[in-house]
Structures are given as structure tokens and as C-alpha cells.
Protein chains: 2
Amino acid sequence: MESRSLRYFVAVAEELNFARAAERLGISPPPLSRAIRRLEAELGVTLFERTTHSVTRTPAGDVLLAEARVALDALEAAGRRARRAAEGPKLVLAVKADGDAGLLEPILARYASQPGSLPVAVRLCGWQEQPRLLRAGEADVALVHAPFDGTGLDTETLAAEPRVAVLAAGHPLAARDRLELADLGLDARSVERHIDEARRGHDDLAQVLTAVALGKVVTLLPASVTSRYPRPGVAYRPVLDAPPVVLSLAWPRQSRSTATAALVRVATEIAEAARNGA
Amino acid sequence: MESRSLRYFVAVAEELNFARAAERLGISPPPLSRAIRRLEAELGVTLFERTTHSVTRTPAGDVLLAEARVALDALEAAGRRARRAAEGPKLVLAVKADGDAGLLEPILARYASQPGSLPVAVRLCGWQEQPRLLRAGEADVALVHAPFDGTGLDTETLAAEPRVAVLAAGHPLAARDRLELADLGLDARSVERHIDEARRGHDDLAQVLTAVALGKVVTLLPASVTSRYPRPGVAYRPVLDAPPVVLSLAWPRQSRSTATAALVRVATEIAEAARNGA
DNA sequence: TGGGTTTACGAAGGTCGTAAAGATT
DNA sequence: AATCTTTACGACCTTCGTAAACCCA
């Protein structure tokens, strides 16, 4: 099983078109066609049903596509991790802006005070990037909000914090002390989707808050964010039955790094202390 | 990053000798030497410190060795899983002989009764083989006893059952109703090691019991085993402070199979029912 | 000086691209 | 008839193996 074969396969499996896949790979269709046939012969399995005008994956093709992505990721990650190891031991922690529930600073401080701790670089990144960074070997640990794609990752839950509704100050519901999901026309299942939609088109939290202040949108945020972003024109109101935001630490499953383990341990300690102290 | 480079690298990294590694790969030393140099150039990293009479891994080489094994496993597993998918959907459950605490039959029966369940093949295998089978794509789920190498695996704990001491009937301690680890000259930390040593040189449980009956060895077993292997000449005695045997279900982290998920769910239900019913 | 790695060079194998054929909508 | 996949074939590139050079214990 050669990695080149799998890369070719993934291109075809995603494009479902040999010509486009070949272009994407920077080769011409004939070698690609042959490579796929060789792969099928090697596996003894038909991966695509092809007619001249349509290419579809067989069930085996579906399985191989999912597995091949994982394997090729692991391959690239191996190289990157070796490169990083040569640059000197260091931990990279991927964090979404404003996504740390105030835990980031104490975690870093406490970890740095541990004997034998490594330098930690905080990498700010987008919400959806985090699992990819971990799998690609570009980050060692990530502070993630559930739900996320945990494929190939190990996780430890740090905190679950309540959500508050974020409303324009003049919004009728802002007159109330506390809300329920039904007041917002939501239920437990639709919350995540609604938040995603409210976030769409905004680069950061400030933009979202501006949209809220203008009365364009209503959304939900972790309670910890509100204390750090007080803002005239925006009201925060507890939502009693909103599912809490689950903040977890995630890292690649195969990680054997003691440094990662130490960071995780420190983080859980801090999170527990925060729970008990609050 | 090509898989061939990594295979070559792993051979050298494990042998720490270009000539032996080349022989193992079935090629001659010069191409191997060149391939490693190319890999080092591609990564921009020195992987080995070599003199004419010694080859040692750099820290980056250590990291790459660990990562490369994972990546190459994933590559081979991708092929095997695709092959298995083509042979018809089926679940392979890896079980160590006598290692199921009596849960295997009810799990299989209950799973088979689920709508849409797949045929399940039980693969008997050794204790240490299970993680490898999962990572290699030869099994979908395994019933494992902690501790085990969970790298790349996800797990769910099914049951924790007490251990009993296994003694020759004439052993002085067999006169007592219950024991403690200290009676056996053990403590919590040395239990696993002692059990491993007692098992050494025996193919299966029957052989171990014979050795016990002959007074050659004393060991510990999960309580569930004793009821299924009553045997004259062998006495089973509870050990109050022995750490329990943790029986878990393990499966590859990246598994998205709904069939695997259903089996895990059924197994946890059965295990819970067994706990409450006992 | 000897065992082991590395360079040199000629040869084999694999992969690629262009051109043309085949097949399906 | 048009478009996409596949076969045919010649050229290129990569990798291999043998032989020799090099280097450290």
C-alpha cells in the first residue's frame, strides 16, 4: 500500500471524475486511471463503478476514502512532528479567541511553574480548525468547545458553563430577568444550529455583538464571555434550560508526550478549582 | 512525504544499522542510505547521528519513529478495512479466551436481536494482540482487560470484577476464607507484574491451573473465571484488597461505523444489567 | 586494519504524457 | 455526436545494484 496510490484515490473519490482529479493532482488522466486500477488489483476490490459519464464509489470505496484521509493525515503529521521536535521541544496550544472561559491564563501560569515544563506557544485559530491542527501535527493540545469532530483525538472535559442570551438592550425580552429557550423560539436540539447561523458572516465576537446591538440577531454565549465583554446596548440574560457549553482539552490519541500529559493534568486541576471556587 | 521513505526510515531506526535494515527491506545498503538522506533533506532535519560504526537516533528521529509506526499502521489498516468492506459488512470482535467475564454470549445474543445488526465473527486471540488487531483493521472491537496499550483506541468500561487468589488446595493459605495481597507477598503495584510472570510459559488457562494444582505457582484470576473452571486440587479465595480487573470494550478511534456503535451500546447495557442483577 | 556507511556509475523498472480507441448518454 | 474513461506506445525520471572509496573504532 503506497501513499501515492492513496492520494490519487482520494482525489478521484472526492471529485468523482478522473479528468478533474487528474488536474487537481497535476497529472494527466491516463496515469491516474492506471494507478486506480493497480490499487484495485492490489486490494482485490472494486473501488469505483465507472461508466464513461459517471463515477461512483462502491461501499468499499466509501470505507477507503474515510480511512485514507486518516492515514494520509497521519503521514503528513509524522513529518511535521519530527520537524517540530528538531526545532526544540515546545508545546503548541490551539485556542479559539475568547473560547477559554478565562481558564487559559491560570493554566499557562500553573503549567509554567511545573518542574520540567516546556515553553508553550498559544496558537489562535478558528473553531473548526482545531481538530485539523491536532491531526496535522501543528498543535499538541487544543481548548475546544463541544460538539467537535473528535476523530483520532482524546479529550478531557474541563468545564461546563451556562449560556446566556445576548439581546439588544431594547429587545422586549431584555426586560425579563431570565429566559427559557422557548422564549427565543428554540429548543435543545436547535440551539447549536441557531448559534452557528448567528455567527455566520462575522469574523469575531465584536462583530457579533455589534449585530446584536443593532437588533439584527439574537444569540447565545458562554456566561464567562459576558463578564469580559460588557457593552452598552447589549443585554445578557440567563437562559435556564439552555444546554451548557462544554469546554474540553483535546489532543492526538497517539500522543505519548509527557509534556502534553502534564498540561492536561494541570488544566483539569485548574478547572476543578474554578468549579469549587465559584 | 512518501510511505516508502517512512518504511525505510523505520527499518533503520529500529535496527540502528544500515546493512541489517537494508537486508530486512530486501534492498542493498546504498539505496537505503540515499533514501534516508533524501528524507532528511525533505524534512530539513537530521534523523540519525552516524559514524562508520554506530548509528543513533536524534530526538527528531525518536519522534518520527513513533509517529511513522502509527502512520504506516493506518495506511495498511486502510487497505484491510476496504477489503473487508467489500467482502460484505461484518463485525469482527477480538476476544481473549476466557476473558469475557461471561458477558460475551449475552452481548452477542442481544446485539443479534437488534434491527439492522451485522453478522459478528468472534476472533480468539492473545491478550497482547488485541490492540494491534484493532489498529491493523483486522478487528472492529475488542474485549480487553486493562491495562493495555490504548494508543489510537477509544474505550468504554464494561465491568470491574474482583480478583480471587488461585492456590493449590493444599496450600496453607487455602485454609483461610479470604486473603489480602500481603498474604501473597504482593502489593497493589506488583500485582500485574506477578500475574504476567505466572502466566509465562503457559498457553492457556488450563495449563496455568495445572501448574497451580501442582503447587508450582500462585496467581490471581477474575472471579468470573473461577465459576466456570471449578477444578479439584485448586482453591479459589477472595483477595480483599486486590485491584479489580477492568473489562473494557475498545475500538479504533476513527471508527464511524454505526454497527460498532450499536455493539458498544448493547454491551454497556448488558454490563450494567449484570452489575445490577448481581 | 576492518566493518560499515557513502559516492559513482551503469541498468532496470516504473510512471508519465501524447495520441487514439472505446463506451455511454 | 459529444464527452469522459481507457488502451497503446515512446520518453523520462527515479530507484536499484555492483564496485569502489571513505571513515572511524
Side-chain angles (χ1 to χ4, degrees), chain A residues 1-62 64-65 68 72 75-76 79 82, chain B residues 1-58 60-62 64-65 68 72 75-76 79 82 86:
Chain A
M1 176 72 53
E2 290 303 316
S3 57
R4 173 185 310 221
S5 313
L6 276 193
R7 267 187 283 269
Y8 286 7
F9 165 79
V10 169
V12 176
E14 288 181 351
E15 300 285 348
L16 291 178
N17 177 308
F18 279 76
R20 276 199 302 275
E23 186 181 5
R24 177 171 134 189
L25 292 167
I27 64 175
S28 64
L32 180 57
S33 174
R34 274 183 310 228
I36 299 297
R37 290 217 168 276
R38 256 198 310 278
L39 180 60
E40 288 180 320
E42 177 186 341
L43 293 175
V45 159
T46 304
L47 297 170
F48 298 107
E49 300 290 352
R50 352 143 144 68
T51 69
T52 44
H53 278 64
S54 83
V55 176
T56 59
R57 290 189 296 269
T58 62
D62 285 330
L64 188 59
L65 176 56
L72 293 176
L75 216 62
E76 298 305 318
Chain B
M1 174 73 51
E2 290 302 318
S3 57
R4 172 185 313 225
S5 313
L6 275 193
R7 266 188 284 270
Y8 286 7
F9 166 79
V10 169
V12 176
E14 288 181 351
E15 300 285 347
L16 291 178
N17 176 310
F18 279 78
R20 277 200 301 275
E23 185 181 7
R24 176 171 136 190
L25 292 167
I27 64 176
S28 64
L32 180 57
S33 173
R34 274 182 310 226
I36 299 296
R37 290 217 168 274
R38 255 198 311 279
L39 180 60
E40 289 180 320
E42 177 187 341
L43 293 175
V45 159
T46 303
L47 297 170
F48 298 106
E49 300 290 352
R50 346 146 153 64
T51 70
T52 44
H53 278 65
S54 83
V55 175
T56 59
R57 291 189 296 271
T58 62
D62 286 330
L64 188 59
L65 176 56
L72 293 176
L75 216 61
E76 298 305 318

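All figures in this text were calculated on a predicted structure; none of them were measured in a lab. Any value given below was found using the heavy atoms of this structure, including those in side chains, with hydrogens, waters and symmetry copies removed. All chains are named by letter (A, B, ...) in the order of the sequence lines, taking the proteins before the strands, and each is independently numbered beginning at 1.
In this structure, CG of L32(A) is placed 9 Å from P of dT6(D), rounded to the nearest angstrom. Atom CD in E23(A) sits roughly 12 Å away from atom P in dC4(D) (whole-Å rounding). We find that CD1 of I36(A) is positioned 17 Å from C1' of dT7(D), with the value rounded to whole Å. Between the P atom of dT6(D) and the CD atom of E49(A) lies a distance of 12 Å, rounded to the nearest Å. Atom CD of E42(A) and atom C1' of dG14(C) are 14 Å apart (whole Å). Whole-Å rounding puts the E2(B) CD to dG14(C) P distance at 16 Å. Rounded to an integer number of Å, the gap from F18(A) CZ to dA23(C) P is 17 Å. The distance between atom CZ of R38(B) and atom C1' of dT6(C), rounded to the nearest whole Å, is 14 Å.
Among the atoms of the strands shown, only primed sugar atoms or phosphate atoms (P, OP1, OP2) are found under 4.0 Å from some heavy atom of R37(B). Within 4.0 Å (heavy atoms only), R20(B) reaches no atom of the nucleic acid at all. Using a 4.0 Å heavy-atom criterion, one finds that Y8(B) contacts the sugar-phosphate atoms exclusively.
For the atom pair Y8(A) OH and I27(A) CD1, the distance stands at 4.0 Å (nearest 0.5 Å).
No N or O donor and acceptor, one from the side chain of R50(B) and one from the base of dG3(C), sit under 3.5 Å apart. The base of dG14(C) does not come close enough to the side chain of R4(B) for any donor and acceptor atom to sit less than 3.5 Å apart.
Across E40(B) and L47(B), no two heavy atoms sit closer than the pair OE2-N, 2.8 Å.
The pair R20(B)-E14(B) does not count as a salt bridge, with every side-chain nitrogen at least 4.0 angstrom from each carboxylate oxygen.
Nearest nucleotide to the side chain of P30(A), out of dC24(D), dT5(C), dT6(D): dT6(D). When distances are taken from the side chain of I27(B) to each of dT24(C), dG4(C), dC16(D), the shortest belongs to dC16(D). Distances from the side chain of H53(B) to the nucleotides dA2(D), dT5(D), dG2(C) place dG2(C) closest.
Residue whose closest nucleotide on DNA chain C sits further toward the 5' end, between L16(B) and P31(A): L16(B). Of the two residues contacting DNA chain C, namely P29(B) and P29(A), the nearest-nucleotide position lying further toward the 5' end is that of P29(B).
Between S28(A) and the phosphate of dG17(C), there is a side-chain N or O to OP1/OP2 separation shorter than 4.0 Å. For N17(B), a side-chain nitrogen or oxygen approaches OP1 or OP2 of dT5(C) to under 4.0 Å. Under 4.0 angstrom from either OP1 or OP2 of dT6(D) there lies at least one side-chain N or O belonging to S33(A).
S3(A) and E2(B) share a side-chain donor-acceptor pair at under 3.5 Å. In this model, no donor atom of one side chain and acceptor atom of the other lie less than 3.5 Å apart for S33(B) and R37(B).
Of the candidates V12(B), V45(B), L64(B), L64(B) is the only one forming a side chain to side chain contact (heavy atoms under 4.5 Å, CB included) with L39(B).
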